[in-house]
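Below is one structure, written out as structure tokens; the observations come after it.
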2 protein chains.
Amino acid sequence: MYDFLMSATTKAPDHTRQALLDAAFAEIHRHGFQAASLSQILADTGLTKGALYHHFPDKRALGLAVVEDVIRPRLAAMMFAPLAGSDTPLAALRALLEAKAADPDPWVVTLGCPLNNLMQEMSPVDETFRLHLNALFRDWVDVVSAALLRGQRAGEVKPDIDVDATAFFLVSALEGCVGMSKNTQSVAAYRGCLGQLVNYLETLKA
Amino acid sequence: MYDFLMSATTKAPDHTRQALLDAAFAEIHRHGFQAASLSQILADTGLTKGALYHHFPDKRALGLAVVEDVIRPRLAAMMFAPLAGSDTPLAALRALLEAKAADPDPWVVTLGCPLNNLMQEMSPVDETFRLHLNALFRDWVDVVSAALLRGQRAGEVKPDIDVDATAFFLVSALEGCVGMSKNTQSVAAYRGCLGQLVNYLETLKA
DNA sequence: AATCATACATACCGGTTGGTATGTGTCAAG
DNA sequence: CTTGACACATACCAACCGGTATGTATGATT
């Protein structure tokens, strides 16, 4: 808030770097990576190109840092944590989806999932980007898959399903729902699609 | 008279316009609309800016024409036609998905669904684009919804499901599967995700 | 034969982009 | 007290962008 006072007296490189990451995250979320303007990011932060290129070698490195240092922690907190160690993944997933339906993040409905946006845009364009994004996506699927496996052992999940394929489909369908809601620009569509996903979860019960 | 005999040197405005649309479609499919380069489109077609701006007032109009005159007919032929008039939509959808799994379009796996790509990119950025894309998406959902309704009346589909919400989810999940397969860059993931979608279809049977 | 709209090609423009080279103030170490 | 690395700011650049203004060959109309 009072950055201009601090920068006049004290150096805070970590804070500067984080400010760049946050502004880059917002700019990329709005316009995508390729259309994201470095000038806009600098205007938002009140910094200059000197600061940006001191902390990051180029635009791509900034984008990759956003993936690893912003998107990954957010996703871990929102989607991984609620499933970690749960032996009733279907109940946990249902609670998670219903919480999102009850209190939808307006940024997600209007701008979509940051991870999915970048995957759609960058996967065919930049292999390094694709690998980083795929690793994050893969981690997500693995978290769901592991939870489903524990659910099978605990008797909550049908024993004959392929947990990995199911987890892949679950995450894919969720991203699909978010994406379509973004195009429709309505929380009603978002809720409806999440509701159908909950219905699908019911079919996985033992 | 006898226009079809005219050589390449004579003027063929319809052919020129179609060539621009085809090249624009390919360029947009690869790089997205915002990153699509008009210069590249002109290089691909061997035309110049004079031709482009004679047929289209600006880049946006070209993009919208691609949606209406290229993507819409393709989608109608591939996804709408197989469901039109069918009283057994689950069987028809299953056949459609299994055909795609058996013979996957490499361009779709590597570059994604052109409609979905544009929806993800342009919906938050350009309202006119969003409306055109949403109309097309809505038509798709309505085709599936109408088919599911006929399936209910014919006794193939469970009578207690919300056909419109189900259709919305089906299309969303399909787009999600395509998107995730694009990031994974593997036909195996594509097949697996489509297989799970077929499994979901089974749960809709009466 | 003269006219005129069509269907392009050519040349050019202002603005923005990512990126770089250099300057400057701060601070910690020697 | 000096030195030097760090953390930026300033100024600048070539490349590319979408868009425009103008020129020109063609074909149809009158």
Side-chain angles (χ1 to χ4, degrees), chain A residues 2-25 27-28 30-66 118 121-122 125-126 128-129, chain B residues 1-25 27-28 30-66 121-122 125-126 128-129:
Chain A
Y2 300 100
D3 301 337
F4 56 96
L5 291 177
M6 290 189 59
S7 62
T9 59
T10 317
K11 300 200 175 177
D14 292 351
H15 179 269
T16 298
R17 183 188 142 96
Q18 192 61 42
L20 286 168
L21 286 176
D22 290 341
F25 170 78
E27 173 74 4
I28 292 172
R30 288 199 190 94
H31 304 295
F33 173 76
Q34 303 183 91
S37 165
L38 297 183
S39 308
Q40 187 60 49
I41 293 172
L42 297 176
D44 290 344
T45 55
L47 294 168
T48 63
K49 292 204 169 178
L52 206 171
Y53 282 91
H54 173 73
H55 288 278
F56 305 96
D58 53 17
K59 188 189 182 185
R60 169 183 309 195
L62 174 64
L64 292 174
V66 166
L118 280 177
E121 178 191 4
M122 299 303 294
V125 172
D126 189 296
T128 305
F129 251 100
Chain B
M1 195 175 300
Y2 301 115
D3 300 315
F4 58 91
L5 289 177
M6 288 178 174
S7 65
T9 59
T10 62
K11 308 212 170 170
D14 292 351
H15 177 271
T16 297
R17 183 188 143 96
Q18 192 60 43
L20 286 168
L21 285 176
D22 290 341
F25 170 78
E27 173 74 5
I28 292 173
R30 288 198 191 94
H31 304 295
F33 174 76
Q34 303 183 87
S37 164
L38 297 183
S39 308
Q40 187 60 49
I41 293 171
L42 297 176
D44 291 345
T45 56
L47 295 167
T48 63
K49 291 205 168 178
L52 206 171
Y53 281 90
H54 173 73
H55 288 278
F56 305 97
D58 54 16
K59 187 189 182 184
R60 168 184 309 196
L62 174 65
L64 293 174
V66 166
E121 178 190 5
M122 299 304 294
V125 172
D126 189 298
T128 305
F129 252 99

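Model, not experiment: these values are computed from the prediction. Quick note on labels: first sequence line is chain A, next is B, and so on, each numbered from 1.
Scored by the side-chain hydrogen bond (donor to acceptor under 3.5 Å, both in side chains) test, Asp44(A) finds Gln40(A) as partners (sequence neighbours excluded). Partners of Arg30(B) by side chain to side chain contact (heavy atoms under 4.5 Å, CB included), not counting sequence neighbours, listed by chain and number: Ala26(B), Trp107(B), Leu111(B). With sequence neighbours excluded, no residue forms a side-chain hydrogen bond (donor to acceptor under 3.5 Å, both in side chains) with Glu27(A). Residues forming a side chain to side chain contact (heavy atoms under 4.5 Å, CB included) with Thr128(B) (at least two apart in sequence, or on another chain): Arg60(B), Leu64(B), Asp126(B), His132(B). Judged as a side chain to side chain contact (heavy atoms under 4.5 Å, CB included), and not counting sequence neighbours, the contacts of Asp22(B) are Gln18(B).
The distance between atom CG of Leu42(A) and atom P of dA9(D), rounded to the nearest whole Å, is 9 Å. Between the NE2 atom of His15(B) and the C1' atom of dC8(C) there is a distance of 15 Å, given to the nearest Å. The separation between Asp14(A) atom CG and dC6(D) atom P is 14 Å, rounded to whole Å.
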Which protein N or O atoms sit under 3.5 Å from an N or O of nucleotides 3-5 of chain C?
none

All N/O contacts under 3.5 Å from nucleotides 17-20 of chain D to the protein, with atom names and distances to one decimal?
from	atom 1	to	atom 2	distance (Å)
dC17(D)	OP1	Ser37(B)	OG	3.0
dC17(D)	OP2	Ser39(B)	OG	3.4
dG18(D)	OP1	Ala36(B)	O	2.9
dG18(D)	OP1	Lys59(B)	NZ	2.9
dG18(D)	OP2	Leu38(B)	N	3.2
dG18(D)	N7	Lys49(B)	NZ	2.9
dG19(D)	OP2	Tyr53(B)	OH	2.9
dG19(D)	OP2	Lys59(B)	N	2.9
dG19(D)	N7	Lys49(B)	NZ	3.0
dG19(D)	O6	Lys49(B)	NZ	2.8

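An OP1 or OP2 oxygen of dC8(D) is reached within less than 4.0 angstrom by a side-chain nitrogen or oxygen of Thr16(A). OP1 or OP2 of dA7(C) lies within a sub-4.0 Å distance of a side-chain N or O belonging to His54(B). Between His55(B) and dC8(C) there is a side-chain polar atom (N or O) within less than 4.0 angstrom of OP1 or OP2.
With 3.5 Å as the limit, one finds a donor-acceptor pair spanning the side chains of Glu121(A) and Gln34(A).
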Just distance, no hydrogens or angles: give the donor-acceptor pairs under 3.5 Å from side chains in residues 48-56 of chain A, sequence neighbours left out.
none

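Ile28(A) and Gly63(A) get closest at one heavy-atom pair: CD1-CA, 4.4 Å.
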